[in-house]
Amino acid sequence: MKVETKTKPNLDTDKIRKDFPILSREIHGKPLVYFDNAATSQKPKQVIAAISNYYEQHNANVHRGVHKLSEEATAAFEGARKKVADFVNAGDMRQIVFTRNATEAINLVAYSWGRKNIKKGDEILLTQMEHHSNLVPWQLLAKETGAKLKFIPISESGELRIHVLELEKYVTSRTKLVAITHVSNVLGTINPVKQTIEKIYERSTKNFELRPKVLIDGAQAVPHMPVSIQHINPDFYVFTGHKMLGPTGIGVLYAKKELLEDMDPFLSGGDMILEVDWEKSSWNYIPWKFEAGTPDVAGAIGLGAAADYLNSLGMKNVREHEKELTAYALEKLSAVKDLVVYGPKDPEKRGGVISFNIVKNDQVAIHPHDLASILDTEGIAVRSGHHCAQPLMKVLEIPAAARVSFYIYNTKDEVNRLIPAMEKAKRIFKL
Amino acid sequence: MIEDQLYRETLLEIYRNPTNRGEITKPDLEAKLVNPLCGDEVKLQIKLKRGEIVEKALFSGNGCAISQASAALLAESIQGKKLSSVNKLRGNDILKLIGINPSPSRIGCALLSLEVLMEALKSGSKS
């Protein structure tokens, strides 16, 4: 594997790092190396300032007030929706529903669309690499309705087996929903979602109401690469704010307008109604029909600021930076004896997520939790465990894995610190 | 150094060559628990003498060094003890036994074996 070093860097990491106050922290007396970005990203001061500024200058409840502050808060909240819609090229901003996180967005679809459209005997097609958030809601729906779950298997290299011929085995006339992750949070695999959706649509009836709907879980994609929802053309697309420099508590559901119009409300109460009588009510227009109660105004504004920040870097540059760092890390890790990396080896086919184990005699020789604890003593934050993908761990035949995941502020120097820390762990465990 | 506290050589030695690891064919008391955080798994089986003294205690399972070494030390420590005194074991006793003070995120690994023990004791009262 060749690593280019002479070309102009995609991102000015020195400058970027100055925007992230937390990166100057020391952990156990060592400078923090934050490699747990697939769990949540750190936040730049621009995002923190946008949230503070909202509370200090514009705080009011949105949509109903006729006073100045309420108008400002509403404009900022709806302005954030527009920024988010544009960031993922979602087209009409009414197709963007704010939720708490990606999990809630999937639950919204399972509840409001699924309970209306999935019947006994119908099939829901998932993959073996789904996060629990794109599995458990469908398990509950299947249990309630009598629908059946099917799974697209993964290959040895951690990629989906979705060649046209194989897809025919899985997409049947009973398939009502296909739910696939855009980028695996464990394997790093970037799934060819656009091509998969094209194949599914080609094979199915042209009748929009009858053909299977496709949901893409973009939680690990939107923060890390250019994503154009209109280009991918899914029926539903979900992602979350906190993995893309935004605050926790704000997530996004994209759904095609005609689907949102037809779906019943998810939560009910204030803000989602047009008219309320004693016995019945009528629903507000989309997207507000799905945003009951006072929304996370500050969260949405913070997410809008995060989109601004990422736009200022350019998502192509973000992707190139992570690809280069991933290639560098894969090369460095390949020099560590007994280290096994899961997922595709080609950095073109994977995001900045690397899961691995120290393996000896086909056995995990250092439990990932022990490895993570030792890396922590060197100031290096990595994740360990089943990464909310227990069924996938079974497919890989491992109890758990350690995972490093990169973002815009990570550097090759930080990757260099990982290697001696791993050797230290091996020394402690006498390997 | 923290790692020396968390990964004392004596503890790692027990992890590599655990005492009291195995299965009892007809245990009087038995329980198994999984730590959902990391998938650590510990099963504890106990053979009693006169229904009140631990004659033999063996553990099995898999997981991190802390959870497995803790289970080995706990199984060892309750041999020959009366159930009434085993019942009084608390988290601090286990931490003293393993001689480390884990961070909040790892304390569950250390105390999984104690939870399993308490479940095993309950399994006796049911039968």
Side-chain angles (χ1 to χ4, degrees), chain A residues 26-30 36 39 132 136 186 355 357-403 420-431, chain B residues 1-19 21-22 32-43 59-74 94-95 98-116:
Chain A
E26 292 200 336
I27 303 292
H28 304 306
K30 315 253 167 67
D36 195 16
H132 293 166
V136 181
V186 177
S355 290
N357 268 320
I358 304 284
V359 174
K360 250 189 161 168
N361 306 323
D362 286 336
Q363 295 273 326
V364 174
I366 305 180
H367 191 282
H369 273 78
D370 295 323
L371 193 54
S373 280
I374 294 169
L375 294 180
D376 181 56
T377 64
E378 294 295 308
I380 304 173
V382 307
R383 188 137 290 244
S384 55
H386 50 60
H387 310 293
C388 296
Q390 286 182 23
L392 174 60
M393 294 290 120
K394 282 183 196 155
V395 175
L396 298 173
E397 296 181 331
I398 50 173
R403 179 185 76 187
M422 304 269 272
E423 295 297 346
K424 177 181 171 182
K426 287 168 73 179
R427 268 199 314 279
I428 289 174
F429 275 78
K430 293 207 161 46
L431 292 168
Chain B
M1 293 287 278
I2 288 152
E3 71 273 17
D4 296 337
Q5 285 172 28
L6 194 52
Y7 295 102
R8 287 187 312 128
E9 184 45 42
T10 44
L11 199 68
L12 286 171
E13 186 50 39
I14 291 161
Y15 170 62
R16 280 190 291 266
N17 300 302
T19 50
R21 191 182 173 93
K32 183 175 118 170
L33 284 179
V34 172
N35 176 352
L37 184 77
C38 54
D40 287 348
E41 184 186 299
V42 168
K43 182 162 102 176
F59 86 100
S60 55
N62 54 66
C64 66
I66 314 278
S67 72
Q68 301 301 299
S70 156
L73 285 166
L74 179 69
I94 307 302
L95 297 185
I98 60 178
I100 58 169
N101 196 9
S103 64
S105 61
R106 298 301 302 277
I107 203 138
C109 308
L111 298 186
L112 179 62
S113 56
L114 179 65
E115 283 182 57
V116 179

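Labels below follow one simple rule: chain letters A, B, ... track the order of the sequence lines, proteins then strands, and each chain is numbered from 1.
In this structure, A:S373 and B:Y7 approach most closely via the heavy-atom pair CB-OH, 3.5 Å. Scanning both residues, B:R16 and A:I428, for their nearest heavy atoms gives NH1-O, 4.1 Å.
Under a cut-off of 6.0 angstrom, the local environment of NZ in B:K43 is crowded, with over 12 non-hydrogen atoms contributed by other residues, nucleotides or ligands. Residue-environment remark: CD (A:Q363) stays at or below the threshold of 12 foreign heavy atoms within 6.0 Å. The environment of A:R383 atom CZ is sparse: at most 12 non-hydrogen atoms of other residues, nucleotides or ligands sit within 6.0 angstrom.
Atoms NE2 and CG, on A:H369 and B:N35 in that order, are 7.0 Å from each other to the nearest 0.5 Å.
In this structure, the side chains of A:H367 and B:Q68 stay at 4.5 Å or more apart for every pair of heavy atoms.
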